[in-house]
Amino acid sequence: MNYWLVKSEPFVYSFDQLLLDGQTRWDGVRNYQARNNLRAMKKGDYCLFYHSNEGLAVVGVATVVREFYPDPTAEQGDWSAVDLAPLKAFTRPAPLAEIKAHPALQQIGLVRNGRLSVMPLTFDEFSALLTLGETHI
DNA sequence: GCCAACGTTGGC
DNA sequence: GCCAACGTTGGC
């Protein structure tokens, strides 16, 4: 079992939309580090969903339902997509300000490299974020 | 709207 | 292979 965090601008694709859709293709990633993280995702892994630009909070948990395959939106280059399904909305969004202030979350990509869109989490980091979100899975 | 951080591109 | 220039992301 691995733990991840993905970012999305909510006006492009929100967690609420994922709840409505039931499943979505996570495509359009054009960064090698993020792509390699996508490729390391296994079916059943947990994936936290962060709203960037607006919201600035982790808002829910998703799960990987299909492992990586060629990104159909890529006209050139070696890019990958995965499929995600929603698992649970956070009881309370976990705001970036609290994440940045949390001693156990100083090492996550969200804090250290604000621009990475798909990043791994340790189990402890994942748990700390669930606690901030007052959510159990 | 500004700007810092980072990744990519391209000239040498 | 280095590095300057440029573009993009994303928080503030």
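Numbers restart at 1 for each chain; the letters A, B, ... are given by sequence-line order, proteins then strands.
- In this structure, A/Ile99 atom CD1 and C/dG11 atom C1' are separated by 13 Å, rounded to whole Å.
- Of the possible polar contacts, one joining the A/Asn31 side chain to the A/Ala34 backbone as a donor-acceptor pair under 3.5 Å is found.
- Rounded to an integer number of Å, the gap from A/Leu56 CG to C/dG10 C1' is 8 Å.
- A/Lys88 contributes no side-chain N or O that, together with a main-chain N or O of A/Gly60, makes up a donor-acceptor pair within less than 3.5 Å.
- Residue A/Lys100 places no side-chain N or O under 4.0 Å from the OP1 or OP2 atom of C/dG10.
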Yes or no on ring pair (Phe, Tyr, Trp, His ring centres under 6.0 Å) for A/Trp79 and A/Phe68, after CA distance, side-chain angles and deciding distance?
CA-CA 9 Å; A/Trp79 302 108; A/Phe68 80 92; over 10 Å; no

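- If you take CD1 of A/Ile108 and C1' of C/dG10, they are 15 Å apart, rounded to a whole angstrom.
- Residue A/Asp71 forms a salt bridge (charged side-chain N to carboxylate O under 4.0 Å, His left out) with just one option from A/Arg30, A/Arg35, A/Arg39, and that option is A/Arg30.
- You'll find the ring centres of A/Trp26 and A/Phe49 inside the 6.0 Å limit.
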Taking only N/O atoms, report every protein-nucleotides 5-8 of chain B pair under 3.5 Å with atom names and distance.
unit_1, atom_1, unit_2, atom_2, d
B/dA5, N3, A/Arg115, NH1, 3.0
B/dC6, O2, A/Arg115, NH1, 2.1

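- To the nearest angstrom, P of C/dG11 lies 12 Å from NE2 of A/His51.
- Under the salt bridge (charged side-chain N to carboxylate O under 4.0 Å, His left out) criterion, A/Glu134 pairs with no residue, sequence neighbours left out.
- Spacing between atom CG of A/Leu110 and atom P of C/dG11 amounts to 7 Å, rounded to whole angstrom units.
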